[in-house]
Amino acid sequence: MTTTGTRTTAIALHGVHKVFGESSTRVEALAGIDLDVGAGEFVAIMGPSGSGKSTLLHLIGGLDVATSGTVAVGGEDLASLNDDQLTMLRRRKIGFVFQAYNLVSVLTAIENVALPLIIDGIAESRANERAGRALDLVGLGSRPDHRPGEMSGGEQQRIAIARSLVAEPVLLLADEPTGNLDSVTGDQTMRLLRRLVDEEGQTVIMVTHDARDAAMADRIVRLRDGRIVEEQTLPPVKSGADVLASLEGLDAPEDAP
Amino acid sequence: MSVRHAILGLLAEGPLHGYELRSAYENELVPQSRLNAGQVYATLDRLLRDGLVHHEVVAQNDRPDKKVFALTAQGRDELGRWLGHASKVDLDLRNETFLKLMVARRLPEGDWRGVIALERRGAFERLHQATQARARADRDATPLSITLLLDLAVLKLEGLLEWLDRCEEALGKETP
């Protein structure tokens, strides 16, 4: 791993291009991306549809390969890995959360969460112990035996988040995580992600078109036409009262005599 | 916002003197707000003149007499009328951002993208503060008056950001 200052770099992209198709159908989805994300940082990627944000997430997650440039996760250059090594990296270092929860309906909550560990060859008792801890982390520790169909959308997304965390990944990738949720459960999901960053030091990169979700991050990266056109680091948060004091319109206006 | 009716509302709970009214307004009714003392007394004078409140002078030991204000029947009717009518919706449509965009799009060197980027940064900074303050408010048992104002701030900022996206799309079509 590389470090900048005291902070470890969780992912580093340099000069990343991604081209789909050839000649007349050639589309440059990513046109030279440089991006470093520090460990424990929460980054939101925004941009209009077709700007390359999902492609970027797929490259970081090792689900697709860059046409040129380097993508390094936890200090490992993805291009230097063979298919098996890439699979291991996805399984052990990266957690994925999608808009669809992708849970197995016949399995209970804890079985769903333990599944990645079982696939990785970890003994069931040990896998269940770790899955139980992951469920505690998302506030569902008391409902390990419920099946997805018996839970609300927000709860199912929390199980999906627990599953993404069970292998203790260096990086959590989220693609429109609140896309299927109403605004209340969407807020709860975002608060959970924020808490994982603040209290567990989890690194999170999230693609979203939702301003409210993006505003929960530490940094917003905006893409257009495959390029980063804007980056904004958001300042530390004040108390609710301080926030209100900074908003206008609360001072009493003069009434007409 | 009508301070006049807010004062009638506070007096509907029971008689208060000027200082108590001001402190109830600032601390309980509209958190983090400021109401200056001159405004409280000027408003009370008008309410007295219009017969909506009356007052009693209470003598105090070692201190100047204080005036305690209470609602009249007419004042109670006025309060009911105010609560029973729809407020004028505060839309703030022709705002500064809109004006900057309209100016920038007409100038040959006008950088409307730059205007959108700046306004968006400002809005995101405040939305970041507001969403997280709102999340904390749920954890810390913050008074309802504060959480509801934070909700309003979040939703307004969200609306502003969505509108900026539309401006960007529309102006991009006009001058690609």
Side-chain angles (χ1 to χ4, degrees), chain A residues 42 44 46-51 178 183-184 186-195 197-199 208-222 224-225 229-257, chain B residues 1-7 25-26 30-36 39-40 42-43 45-46 49 90 92 113 117 120-121 123-140 142-143 145-147 149-150 152-162 164-165 168-169 172:
Chain A
F42 187 174
M46 299 194 83
S49 47
S51 58
T178 66
S183 78
V184 172
D187 280 350
Q188 285 166 353
T189 303
M190 288 312 305
R191 290 173 191 183
L192 169 61
L193 291 179
R194 184 70 240 177
R195 190 163 58 74
V197 173
D198 290 341
E199 292 173 16
T208 184
H209 70 276
D210 188 308
R212 185 149 114 212
D213 290 355
M216 290 294 275
D218 300 314
R219 178 154 54 121
I220 298 173
V221 172
R222 186 172 297 275
R224 194 169 61 236
D225 302 328
V229 289
E230 227 185 302
E231 276 193 71
Q232 178 178 14
T233 299
L234 297 163
V237 176
K238 307 173 203 169
S239 73
D242 286 343
V243 171
L244 282 183
S246 73
L247 298 171
E248 54 283 287
L250 291 179
D251 292 341
E254 301 287 334
D255 281 325
Chain B
M1 247 183 347
S2 171
V3 174
R4 176 182 161 86
H5 291 101
I7 287 177
Y25 181 93
E26 290 181 345
V30 189
Q32 303 299 312
S33 65
R34 282 192 311 274
L35 191 60
N36 72 55
Q39 196 178 351
V40 176
T43 307
D45 280 345
R46 286 199 294 273
R49 180 195 68 194
D90 168 21
D92 186 23
R113 279 192 198 278
R120 190 184 262 148
R121 287 178 94 85
F124 262 118
E125 213 165 277
R126 309 186 94 185
L127 185 56
H128 178 69
Q129 299 283 352
T131 50
Q132 298 201 46
R134 182 65 186 80
R136 276 188 203 170
D138 275 349
R139 291 204 300 272
D140 303 345
T142 303
S145 54
I146 290 186
T147 60
L149 279 177
L150 285 171
L152 184 58
V154 166
L155 291 166
K156 281 195 167 199
L157 287 163
E158 222 182 333
L160 175 65
L161 282 160
E162 198 177 327
L164 285 171
D165 285 348
E168 187 174 36
E169 205 186 317

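Quick note: numbers below take in every heavy atom, side chains included, and nothing from hydrogens, waters or symmetry partners. Within every chain, numbering begins at 1; the chains are lettered A, B, ... in the order of the sequence lines, protein sequences first and strands thereafter.
- In this structure, A:D187 does not pair ionically with B:R134, as no charged nitrogen and carboxylate oxygen lie closer than 4.0 Å.
- Contact annotation for B:A137: neither backbone nor side-chain heavy atoms come within less than 4.5 Å of a heavy atom of chain A.
- In this structure a side-chain-to-backbone donor-acceptor pair under 3.5 Å is present from B:R121 to A:E231.
- The backbone N or O of A:A217 sits less than 3.5 Å from a side-chain atom of B:H128, completing a donor-acceptor pair.
- The shortest non-hydrogen separation linking B:L127 to A:A211 is CD2-O, 3.6 Å.
- Proximity to chain B (any heavy atom under 4.5 Å) is shown, for A:R195, by neither the backbone nor the side chain.
- With a 4.5 Å cut-off on non-hydrogen atoms, B:D138 touches chain A through its side chain but not through its backbone.
- For a residue to count as touching a neighbouring chain, one of its non-hydrogen atoms must lie under 4.5 Å from one of that chain's; by this rule B:D165 touches chain A with the side chain only.
- Top candidate by heavy-atom pairs under 4.5 Å with chain B, chosen from A:R222, A:E230, A:Q188, is A:R222.
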Worksheet entry | Worked check of side chain to side chain contact (heavy atoms under 4.5 Å, CB included) between B:Q129 and A:L234 | CA-CA 9 Å; B:Q129 299 283 352; A:L234 297 163; over 6 Å; no

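- Only the side chain of B:E168 comes within less than 4.5 Å of a heavy atom of chain A; its backbone N, CA, C and O stay farther away.
- A distance of 12.0 Å separates CZ in A:R191 from CZ in B:R136, rounded to the nearest 0.5 Å.
- Interface remark: A:Q232 contributes backbone and side-chain atoms alike to the contact with chain B (heavy atom separation under 4.5 Å).
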Item to complete: Give the C-alpha distance, both sets of side-chain angles, the deciding distance and a yes or no for side chain to side chain contact (heavy atoms under 4.5 Å, CB included) between A:R212 and B:L161.
Response: CA-CA 9 Å; A:R212 185 149 114 212; B:L161 282 160; over 6 Å; no

